[in-house]
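First the structure, in the form of structure tokens, and then the observations on it.
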Number of protein chains: 2
Amino acid sequence: MTTHSPQKPGAAGRVQEIVGRLRERGHRLTPQRYAVLRALVEGGEHPSAEQLFQRVSEDYPMMSPATVYKTLDTLKAAGEVLELEFRDGPNRYDANMPHAHPHVVCTRCGRIDDVMDERLDPSVVEVSAQTGYQVRGYRLDFYGLCPSCAG
Amino acid sequence: MTTHSPQKPGAAGRVQEIVGRLRERGHRLTPQRYAVLRALVEGGEHPSAEQLFQRVSEDYPMMSPATVYKTLDTLKAAGEVLELEFRDGPNRYDANMPHAHPHVVCTRCGRIDDVMDERLDPSVVEVSAQTGYQVRGYRLDFYGLCPSCAG
DNA sequence: GTCATTGCAAAGCATTTGCAAGTCG
DNA sequence: CGACTTGCAAATGCTTTGCAATGAC
């Protein structure tokens with residue numbers, strides 16, 4: 001058993017929650033998949049597929065990037081991870097708050113933080129009415145410099 | 001001279017405005033660049049680089065995709081076009097409202113519409129205060145089905 | 001005449017896919 | 001055991017880059 005440095009409060013619980021949901025959906029729990037899951041939930045904030053691959057590779061040197069991507073696909077389909085897509089640079093993932101919510105993105109170092117302010121949550125209903133679209137979700141990113149990069 | 005079908009109100013003015021700004025910045029006005037500019041402003045809503053390339057190719061068969069991308073780079077640097085990046089599918093461009101504003105994106109056909117509602121414009125100042133980031137801009141996309149695709 | 005711009009082709013990058021071998025339940 | 005997973009390598013898709021030739025000013 002491998003215990004990694006800074007554990008997150010409630011991380012174990014969230015991992016088990018996801019494991020349960022995957023089982024319900026008839027998915028198998030392979031060591032690789034479990035490792036990706038843990039890296040995703042316990043690891044730093046909003047990791048990329050590459051970062052997950054690096055972390056898991058430490059324990060499973062045979063791991064391939066494709067497996068990370070396939071695991072992420074499975075989790076996306078189960079609604080257990082939020083995928084933040086970027087054209088410039090790798091996508092970033094959040095398995096701790098898998099529902100849409102606003103983020104701040106540092107345009108210099110790539111750091112991403114959640115913005116916790118319900119007032120910012122856009123009204124999907126209003127937009128539906130105004131545009132005639134059947135709005136299902138949204139994405140709200142703020143761009144700027146994080147405290148470290150702003151100096 | 002080539003006159004294309006559905007002209008946009010004020011399109012000519014916007015084209016001239018951009019031409020002027022480019023000149024101020026010391027840029028040359030080549031036929032290719034001018035054609036991309038017109039396609040961008042007069043054409044359908046939120047075209048992709050590929051679509052711009054197609055349109056301009058009708059009049060300039062020697063046109064290369066690289067030139068479209070380079071023109072878009074120039075316009076981005078001048079702040080005269082808003083680039084909407086997508087990982088799945090090509091980026092989309094808006095030269096009519098080059099400042100950040102909310103969009104609705106059809107997840108089926110790719111149609112994109114502007115959302116005109118100032119109440120939705122997120123408060124960059126508030127987010128800066130809350131996160132410690134120096135927030136410079138934002139992106140707000142709503143995802144769903146457009147009226148046609150919703151049936 | 002100069003130097004920005006063009007156009008071609010090759011490279012880049014993250015991600016996806018095909019498929020044979022492996023393994024979870 | 002059988003169907004789901006893995007891992008490798010090749011393919012994908014959009015965009016960027018290098019560089020010689022071209023042409024706007």
Side-chain angles (χ1 to χ4, degrees), chain A residues 18-37 39-40 46-54 56-78 81-93 105 110 112, chain B residues 18-37 39-40 46-54 56-78 81-93 105 110 112:
Chain A
I18 298 176
V19 167
R21 302 246 172 89
L22 291 183
R23 284 225 165 89
E24 281 172 27
R25 295 181 140 241
H27 292 292
R28 293 180 184 170
L29 188 61
T30 65
Q32 292 93 326
R33 191 170 276 177
Y34 187 58
V36 171
L37 217 51
L40 201 47
H46 306 94
S48 65
E50 164 71 12
Q51 288 172 328
L52 293 171
F53 171 67
Q54 296 293 348
V56 175
S57 291
E58 290 170 21
D59 292 331
Y60 300 86
M62 75 296 298
M63 163 72 59
S64 108
T67 298
V68 175
Y69 283 110
K70 285 168 183 167
T71 300
L72 289 170
D73 281 346
T74 302
L75 291 172
K76 279 188 278 175
V81 70
L82 180 67
E83 181 180 53
L84 298 175
E85 301 186 315
F86 295 94
R87 152 90 53 210
D88 306 327
N91 294 346
R92 308 282 289 273
Y93 299 88
V105 180
I112 298 180
Chain B
I18 297 176
V19 168
R21 303 245 171 90
L22 291 183
R23 284 226 162 89
E24 282 172 25
R25 294 181 141 242
H27 291 293
R28 295 177 183 172
L29 188 62
T30 65
Q32 292 92 327
R33 189 169 277 178
Y34 187 58
V36 171
L37 216 50
L40 201 46
H46 306 93
S48 65
E50 164 72 12
Q51 288 172 328
L52 293 170
F53 171 66
Q54 297 293 350
V56 175
S57 291
E58 291 171 20
D59 292 331
Y60 300 86
M62 75 296 299
M63 163 72 58
S64 107
T67 299
V68 175
Y69 284 109
K70 285 168 183 167
T71 300
L72 289 170
D73 281 346
T74 303
L75 291 173
K76 277 188 278 174
V81 71
L82 180 66
E83 182 180 52
L84 298 175
E85 300 187 314
F86 296 94
R87 151 92 50 213
D88 306 327
N91 294 346
R92 308 282 290 271
Y93 298 89
V105 180
I112 298 180

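Just so we're on the same page: letters track the sequence lines, and every chain starts at 1.
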Legend entry - From D:dT17, C:dC19, C:dT15, nucleotide with atom closest to B:Ala66 side chain: D:dT17
Legend entry - B:Thr74 OG1 to B:Arg33 CZ distance, which is reported to the nearest 0.5 Å: 4.5 Å
Legend entry - Ionic contact status for B:Lys76 with B:Asp73, cut-off 4.0 Å: yes
Inset, instruction - Please determine if a side-chain N or O atom of B:Arg33 lies less than 4.0 Å away from the OP1 or OP2 oxygen of C:dT5. - result: yes
Inset, instruction - Let me know the distance between CG of B:Leu75 and C1' of C:dT5, rounded to the nearest Å. - result: 14 Å
Legend entry - Protein-nucleotide distance (A:Leu84, atom CG; C:dT15, atom P), rounded to Å: 12 Å
Inset, instruction - Grab the CG-C1' distance between A:Leu29 and D:dT6 for me, whole Å please. - result: 14 Å
Inset, instruction - Take atom CG of B:Leu52 and atom C1' of C:dT6, then tell me their distance rounded to the nearest Å. - result: 17 Å
Inset, instruction - Working to the nearest 0.5 Å, report the span between OG1 of B:Thr71 and CE of B:Met63. - result: 6.5 Å
Inset, instruction - Look at the side-chain N and O atoms of A:Tyr69 and state whether any lies under 4.0 Å from the OP1 or OP2 oxygen of C:dT16. - result: no
Inset, instruction - Would you tell me whether A:Tyr93 and A:Glu83 have side-chain atoms, one donor and one acceptor, within less than 3.5 Å of each other? - result: yes
Inset, instruction - Report the residue (B:Pro31 or B:Glu50) whose heavy-atom-nearest nucleotide on DNA chain D is the more 5′ of the two. - result: B:Glu50
Inset, instruction - Remember a base hit wins even if backbone is also touched, and classify B:Asp88 as base, sugar-phosphate or nothing at under 4.0 Å, heavy atoms. - result: nothing
Legend entry - Heavy-atom donor-acceptor pair, B:Arg92 side chain to B:Leu84 backbone, under 3.5 Å: no
Inset, instruction - Indicate whether OP1 or OP2 belonging to D:dC14 is found under 4.0 Å from a side-chain N or O atom of B:Ser48. - result: no
Legend entry - Phosphate OP1/OP2 of D:dT5: any A:His27 side-chain N/O under 4.0 Å: yes
Inset, instruction - Rounded to the nearest angstrom, tell me the gap between atom CG in A:Asp73 and atom C1' in D:dT5. - result: 13 Å
Inset, instruction - Could you state the atom-to-atom distance from CZ of A:Arg25 to P of D:dC4 in whole Å? - result: 14 Å
Inset, instruction - May I ask you to verify if any side-chain N or O of B:Ser64 is less than 4.0 angstrom from the OP1 or OP2 atom of C:dC8? - result: no
Legend entry - side-chain N/O A:Gln32 vs C:dT23 OP1/OP2, d < 4.0 Å: no
Inset, instruction - Round to the nearest Å and state the distance from A:Met62 atom CE to D:dC8 atom P. - result: 9 Å
Legend entry - Value in whole Å for how far the P atom of C:dT5 lies from OH of B:Tyr34: 17 Å
Inset, instruction - Specify the residue among A:Arg28 and A:Glu83 whose closest nucleotide of DNA chain C lies further upstream toward the 5′ end. - result: A:Glu83
Inset, instruction - With B:Gln54 as reference, evaluate B:Glu58, B:Gln51, B:Glu50 under the side-chain hydrogen bond (donor to acceptor under 3.5 Å, both in side chains) test and give the passing residue. - result: B:Glu50
Legend entry - First of A:Tyr93 and B:Met63 reached from the 5' end of DNA chain C, by closest nucleotide: B:Met63
Inset, instruction - State which of D:dC25, D:dC14, D:dT5 makes the closest approach to the side chain of A:Arg87. - result: D:dC14
Legend entry - Side-chain N or O of B:Asn91 closer than 4.0 Å to phosphate OP1/OP2 of D:dC14: no
